[in-house]
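Input: a single structure, listed below in structure tokens.
Below, each value reflects all heavy atoms present in this structure, side chains not excepted, and no hydrogens, waters or symmetry copies.
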Amino acid sequence: MQNLISAPARPPTTSEASPELSLEDRLTAIDAEMTVKLDEAAVTFEVNTAHIPAEPMDLADAVTVPAETTPHPLPDLYPTPVAALLQRAHHRLVTTWITLRTSRR
């Protein structure tokens, strides 16, 4: 059983064995590694889905945005800040949360 108080000993590292890389060098290496992984994933996807007949799709048909993107300000119906806060919370629940819940079903 390993002692939970002390960590296992690590072998000492020397600066000659693992040279310190700059941030730019590390980012370049990670970028190259991720590019290779993405290329491999793209090839794997093409191979795995080659048997599925599909036609190219126009993204304009699939992506839609709401006609109105700015919310209407609520009328100030309540004289106290707490009542106004509760009114805004109610409005947010009714318009956003309930809409999202019904669209996920």
Side-chain angles (χ1 to χ4, degrees):
M1 182 172 167
Q2 181 181 359
N3 186 356
L4 297 178
I5 297 174
S6 65
R10 292 186 182 174
T13 58
T14 60
S15 61
E16 296 85 27
S18 59
E20 187 68 29
L21 295 176
S22 70
L23 177 62
E24 291 297 322
D25 293 338
R26 287 184 289 176
L27 288 175
T28 303
I30 290 173
D31 181 46
E33 181 181 347
M34 291 305 296
T35 301
V36 169
K37 286 183 180 183
L38 287 172
D39 290 342
E40 289 175 358
V43 170
T44 303
F45 177 79
E46 290 296 325
V47 168
N48 289 339
T49 59
H51 66 283
I52 301 173
E55 297 177 12
M57 184 175 168
D58 185 18
L59 288 180
D61 296 336
V63 178
T64 60
V65 294
E68 194 174 301
T69 57
T70 58
H72 293 293
L74 293 175
D76 192 18
L77 301 176
Y78 297 99
T80 65
V82 173
L85 174 70
L86 291 173
Q87 178 195 15
R88 290 191 306 270
H90 171 75
H91 179 72
R92 184 170 292 167
L93 284 172
V94 169
T95 58
T96 307
W97 187 77
I98 293 175
T99 304
L100 291 174
R101 295 287 295 170
T102 57
S103 65
R104 290 182 186 169
R105 292 181 184 176

Please test V94 against H91 for side chain to side chain contact (heavy atoms under 4.5 Å, CB included), starting from the C-alpha separation and ending with a verdict.
CA-CA 5 Å; V94 169; H91 179 72; 5.8 Å; no
Between atom [atom1] of [X] and atom [atom2] of [Y], what is the distance when rounded to the nearest 0.5 Å?
X   : Y   : atom1 : atom2 : value
R88 : L93 : CZ    : CG    : 13.0 Å
T35 : E40 : OG1   : CD    : 11.0 Å
I30 : K37 : CD1   : NZ    : 9.5 Å
E20 : R26 : CD    : CZ    : 6.0 Å

Any side-chain donor near an acceptor of the partner, D25 and T28, under 3.5 Å
no
Sub-4.5 Å side-chain heavy-atom contact between T44 and N48
yes
Side chain to side chain contact (heavy atoms under 4.5 Å, CB included) evaluation trace for I52 with T49
CA-CA 5 Å; I52 301 173; T49 59; 4.3 Å; yes
